[in-house]
Amino acid sequence: VGSSSFTNWKDVQSYFPGYPLINRGFGGSTLVDVIRYERDVIFPYQPKQIVIYCGENDFAASDTVTAEMVFSRFKQLFNDIRKELPKVPVAYISMKPSPSRIHLMPKVLEANLSIKNFLKQKRKTDFIDVYYKMLTGDGKPMPEIFLGDSLHMNAKGYAIWQKLIEPILVK
């Protein structure tokens, strides 16, 4: 579940053969949106595992959104999931560094770290750190793994994600 990075991954099933996937990403979504629609996009499916990619759009929506706010929103979503589906493993894919949102990288890093540290203290969780694998040697987002909008990924970007996600998926 999450934002357009999932929505646009139209061939996601081909990256993970043998894993039954339901892609519930919806474009432009923020954590607030996922929380608002969790009863529609998460809970009815009785998932074996929940993989979340969301938070980047929260920062893009307003300059007033802080890393603490995104972390707080993530905690609310996580706690809602735990209340409704207490035994289901939850994995969070770190927010990615996008060339078109390079100005947001400090906030993204701070929120990623808070979420990572939070999940370390919880059972049945994984933090999938895609952030650093998507950077060049000089610490900038790799332009060659993004589409022309410099926001959404191409197959090279998704290949990076696949290598990091597959080891934590539940069959």
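By convention here, the first residue in the shown sequence is residue 1.
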N/O donor-acceptor pair under 3.5 Å between Lys171 side chain and Tyr19 backbone: no

Can we call the ring centroids of Tyr53 and Tyr92 under 6.0 Å apart? no

Is it possible for you to say whether Leu147 and Met153 belong to one hydrophobic cluster, with membership spreading through side-chain heavy-atom contacts below 4.5 Å? no

Beyond-backbone contact of Glu38 with Glu84, side-chain heavy atoms, under 4.5 angstrom: no

Minimum heavy-atom separation for Pro17 and Ser14, please, with both atom names. CD-O, 3.6 Å

Check whether any side-chain N or O of Thr136 sits under 3.5 Å from a backbone N or O of Lys140 as a donor-acceptor pair, and report yes or no. yes

May I have the step-by-step check of side-chain contact (heavy atoms from CB on, under 4.5 Å) for Ile160 and Ile145, ending in yes or no? CA-CA 9 Å; Ile160 292 170; Ile145 64 172; 4.0 Å; yes

Between the main-chain N or O of Leu109 and the side-chain N or O of Asn112, is there a donor-acceptor pair closer than 3.5 Å? no

Shortest non-hydrogen contact from Asn57 toward Ser3: ND2-CB, 3.5 Å

Pairing of Glu144 and Lys156 as salt bridge, 4.0 angstrom limit: no

Which distance, rounded to the nearest 0.5 Å, do you find between the CZ of Phe71 and the NZ of Lys116? 14.0 Å

Kindly determine whether Val70 and Phe59 satisfy side-chain contact (heavy atoms from CB on, under 4.5 Å), including the steps that lead there. CA-CA 8 Å; Val70 170; Phe59 290 126; 3.5 Å; yes

Validation row: Ile93, Leu164 side chains within 4.5 angstrom (heavy atoms): no

Hey, does the side chain of Thr7 reach the backbone of Gly27 with a donor-acceptor pair shorter than 3.5 angstrom? yes

Mark yes or no for whether Gln162, through its side chain, and Tyr15, through its backbone, hold a donor-acceptor pair below 3.5 Å. yes

Let me check something: do Met69 and Leu113 share a hydrophobic cluster, defined by ILVMFWY side-chain heavy atoms less than 4.5 Å apart, either directly or through other members? no

Do the side chains of Pro89 and Thr125 get nearer than 4.5 Å, heavy atoms only? no

To the nearest 0.5 Å, atom CE of Met95 lies from atom CG of Asp129 at 10.5 Å

What distance do Ile50 atom CD1 and Leu85 atom CG have between them, rounded to the nearest 0.5 Å? 5.0 Å

With clusters defined by side-chain heavy atoms of hydrophobic residues (ILVMFWY) lying less than 4.5 Å apart, directly or transitively, does Ile42 cluster with Tyr45? no

Can you find a pair of side-chain heavy atoms, one from Val12 and one from Phe6, that are under 4.5 Å apart? no

Return the CG to CD distance between Leu31 and Gln76, rounded to the nearest 0.5 Å. 9.5 Å

May I ask you to check whether over 12 heavy atoms, not counting those of Asp63, lie within 6.0 Å of atom CG? no

Check for a donor-acceptor pair, side chain of Thr30 on one end and backbone N or O of Asp58 on the other, with a separation under 3.5 Å. no

Same cluster or not: are Val170 and Leu119 linked, directly or through other Ile, Leu, Val, Met, Phe, Trp or Tyr residues, by side-chain heavy atoms under 4.5 angstrom apart? no

Flag for Ser5-His152: side-chain donor and acceptor within less than 3.5 Å: no

Test side-chain contact (heavy atoms from CB on, under 4.5 Å) on Ile115 and Lys75 and set out the steps. CA-CA 8 Å; Ile115 293 167; Lys75 284 193 300 187; over 6 Å; no

Taking it one step at a time, do Lys83 and Asp80 satisfy salt bridge (charged side-chain N to carboxylate O under 4.0 Å, His left out)? CA-CA 5 Å; Lys83 183 178 176 190; Asp80 290 353; over 6 Å; no

Counting N and O atoms only, with roles assigned by atom type, does the side chain of Lys107 sit under 3.5 Å from a partner on the main chain of Val65, one being a donor and the other an acceptor? yes

Is it true that Leu151 and Leu135 fall in one hydrophobic cluster, defined by side-chain heavy atoms closer than 4.5 Å? no

Least distance between heavy atoms, Ala67 atom then Ala111 atom: CB-N, 3.7 Å

Does the side chain of Gln49 come within less than 4.5 Å of Ile168's, by heavy atoms? yes

Find out whether Tyr131 and Met105 are in side-chain contact, i.e. whether some heavy atom of one side chain is under 4.5 Å from a heavy atom of the other. yes

Taking atom types as modelled, find out whether Lys96 and Ser98 have a side-chain donor-acceptor pair closer than 3.5 angstrom. yes

For Phe26 and Tyr37, what are the C-alpha separation, side-chain angles and deciding distance, and is it a side-chain contact (heavy atoms from CB on, under 4.5 Å)? CA-CA 10 Å; Phe26 53 105; Tyr37 295 111; 4.0 Å; yes

With rounding to the nearest 0.5 Å, note down the distance linking CD1 in Ile128 to NZ in Lys133. 13.5 Å

For a 4.5 angstrom cut-off between non-hydrogen side-chain atoms, does Cys54 reach Ser29? yes

Nearest 0.5 angstrom please: Ser4 OG to Trp9 CH2, how far? 13.0 Å

Examine Phe16 together with Trp161 and report whether their ring centres are nearer than 6.0 Å. no

Closest approach of Val88 and Arg82, non-hydrogen atoms and distance? O-NH1, 2.8 Å

Evaluate the side-chain proximity of Phe74 to Ile52: yes if any heavy-atom separation is below 4.5 Å, no if none is. yes

